[in-house]
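In what follows, every heavy atom counts, from backbone to side chain, and hydrogens, waters and symmetry copies are set aside. Proteins come first, then strands; the chains are lettered A, B, ... in the order of their sequence lines, and each starts at number 1.
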Amino acid sequence: MDRDNLFGLFKESIQGQVEHHLKAEFGAQENLTFKFEIPPEPSLGHLALACFPFAKATKQAPPKIAQLLAQKIEPNRAWERVVASGPYLNFFLNPKELASLVFPQVLKPDYGCSSLGKGQKVMLEYSSPNTNKPLHLGHGRNNLLGMALSRLLETAGYQVIKANLVNDRGIHICKSMLAYQERWVYAELPLPPTPQSTGKKGDKLVGDFYVAYDKKSKEDPTVADQAAQLLRDWELGKPEVLALWRQMNDWVLKGFEVTYQRLGCEFDRFYFESKTYQSGREIVLKAFGQGLCGKEDNGAISVELDDPNQPKKILLRGDGTSMYITQDLGTTVQKFQDYAPLDRCLFVVGNEQDQHFKTLFEVLGRFGYSFGLEHISYGMITLPEGKMKSREGTVVDLDDLLDELKGMAAEEILAREMFDPQTQGPQIEFTAEAIGQGALKFLILKSGAAKEITFNPKESLSFEGATGPYLQYTHARISSLLAKAATEPAVEPKLEIGADWNEGETGLLLALAKYYEVLLASVTDRNPGALCNYLFELCRSFNKYYYDTPVLKAETRTLVEARLGLCLAVQAVLAKGLRLLGIEPLTKM
RNA sequence: GCGCUUGUAGCUCAGCUGGAUAGAGCAGUGGACUUCGAAUCCAAAGGUCGCAGGUUCAAAUCCUGCCAGGCGCACCA
């Protein structure tokens, strides 16, 4: 058990004692299962152990077991009282002892870091955009999930390689290229448009052509053939086609980079499908040679899947060319070679590809690769009117959304008059950006990845209640309190003080101790939402406490120092948690 | 049709490795700023946990069936 995991240690010590008594009293031999819970009300205790599971081993009624254990277990430094409450055995922590354990832990710079993934190297592939249109809110969900997960994995001790597999080739790119060649938009410009000449972000410019293509293709079905011809020319390596392709991809990727930087997304490695799309063929041919695949009449290579409901999967076309799954076979093997020894590879990809990944993993296993593979699936974001469609212009553009949120935040900031618009323009900018992003990131990360999100701009974009800005506000309030303490009465926060902690304070101490386990759960479940909920609850408890309890105006100086210490500890954990989510902990807003 | 997935308060969602009266936020109602930031706090109100069976001492949680939404079912990606 990790020494930093206070809750874990508490549980472990209780478990040991309970086991001992149950064996001594009833001769219980079997493996006893322990189910710890947090009692519904603090007045019942701080930690509860349900005694139902012991009934079989002891042949006693759960309330009886609880009573007996309550008598047998000696209170110690950590446990002030142990009481039976029906079938539960409830433990009351000694707040002073708790404080003396919690404070030094919480203020360590690496509090929350665990050794769960120590020595393990994992690749996390996320984002993986197409280079024919700008990023929209759906990509936003992917990017935010990916970044949050990579940071969570890192705090758990994993070495994380963040990879982006860019889909930079194929018919969709050729559509934009065709529209560009034919100038279906920006026809009025004397020269072919560029991001410079139009003042447009590169991804937006290319996106305009993609939309133009779609419009045109509805009027004139022959353009599809032209796009297909362009793709063939690309594969043949026609210089002028390649040049245009490079040019347009370059614009798009430069545009993406701006958005990535803005969101705080980073990558250690880019893979480009233009370089990998033919890979995997050798792997399939080799497997065929080993008798692991079948051959279709026209020469295509296929496999039967475990699930009899699934049709047989083609791995190589009759003409010998690669398919989507073929290249994924190839790139996955390549990833494990590039970063050998690699323990795991996670793919953050939307749930429309659930089946694809199931198949991919199955086939790799069939071919003898024992990779640790995991698909991190997430639901679509839809609008109240329905699905987002880039072609029909019903998308929520990510850059635009961030701008809009920033603007809304700026209005709120100005209304509060915390900054002087004349002299503090840059601070206002920075803060507005942080609040806007805080709102979006928390909104997206708080709900389970499997769930679809209906994004209603009017209702979703809020800065009140269970939102990012609420957490940021809590952090800002604590910051200004601590700043005030340092100047006005000039008090230092003191830790490990044996103050007479009240119920609210004990609750906060417990919550701080719980952070460690929350992170572990977030990592193992690949669920940043657990961290979101925890942080929100922490802030709720703090805000209530803060409202009820004077800190700087507490009765004695000792009490002022102790309470300041507690505030400092809450601030520290809150800031750490927010950073993991990619949300800026603000000191003023 | 088959597979995966979701269905909890008017709305958005926690809880779902079974356990003490099902929790938040938003909206609506009432209240708290001459006290450390009211982007806050408090109170009341709001629920057949999609429906029906089953397993269990105990089911929102596990199993089965049904209903509804989403996604997928190409020698597309």
Does OP1 or OP2 of [N] have a side-chain N or O of [X] closer than 4.0 Å?
X       : N      : result
R169(A) : C76(B) : no
K484(A) : G37(B) : yes
Y473(A) : A39(B) : yes
K451(A) : A14(B) : yes
Y545(A) : U40(B) : no
R477(A) : A38(B) : yes
Y546(A) : G37(B) : yes
R317(A) : C76(B) : yes

What about [X], does its side chain sit under 3.5 Å from the base of [N] through a donor-acceptor pair?
X       : N      : answer
R416(A) : A39(B) : yes
N298(A) : C75(B) : yes
N90(A)  : A20(B) : yes

Contact nearer the 5' end of RNA chain B, comparing T454(A) with P469(A):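 Going by which nucleotide is closer to the 5' end, it is T454(A).
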5'-most by nearest nucleotide on RNA chain B - A476(A) or A466(A):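 The residue whose closest nucleotide sits nearer the 5' end is A466(A).
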Distance under 6.0 Å and angle within 45° of ring axis: K59(A) vs F26(A):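 Output no; distance or angle outside limits.
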Cation-pi check, R169(A) onto Y277(A) ring (under 6.0 Å, within 45° of axis):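 Positive - R169(A) is close enough to the ring of Y277(A) and near enough to its axis.
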Nucleotide paired to G30(B) in any strand shown, Watson-Crick or G-U, under 3.5 Å: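 Its partner is C42(B).
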Sugar-phosphate only, base, or nothing, as touched by S480(A) at under 4.0 Å among non-hydrogen atoms: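 Answer is base: heavy atoms of S480(A) come under 4.0 Å of a base.
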Touch class at under 4.0 angstrom, heavy-atom based, for G350(A) against every strand present: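 No contact.
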Expected output: side-chain Q424(A) to main-chain P421(A) donor-acceptor under 3.5 Å: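 Not a single qualifying donor-acceptor pair exists.
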Any donor-acceptor N/O pair, H46(A) side chain to F92(A) backbone, under 3.5 Å: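 Side chain of H46(A) to backbone of F92(A), a donor-acceptor pair under 3.5 Å: no, none is there.
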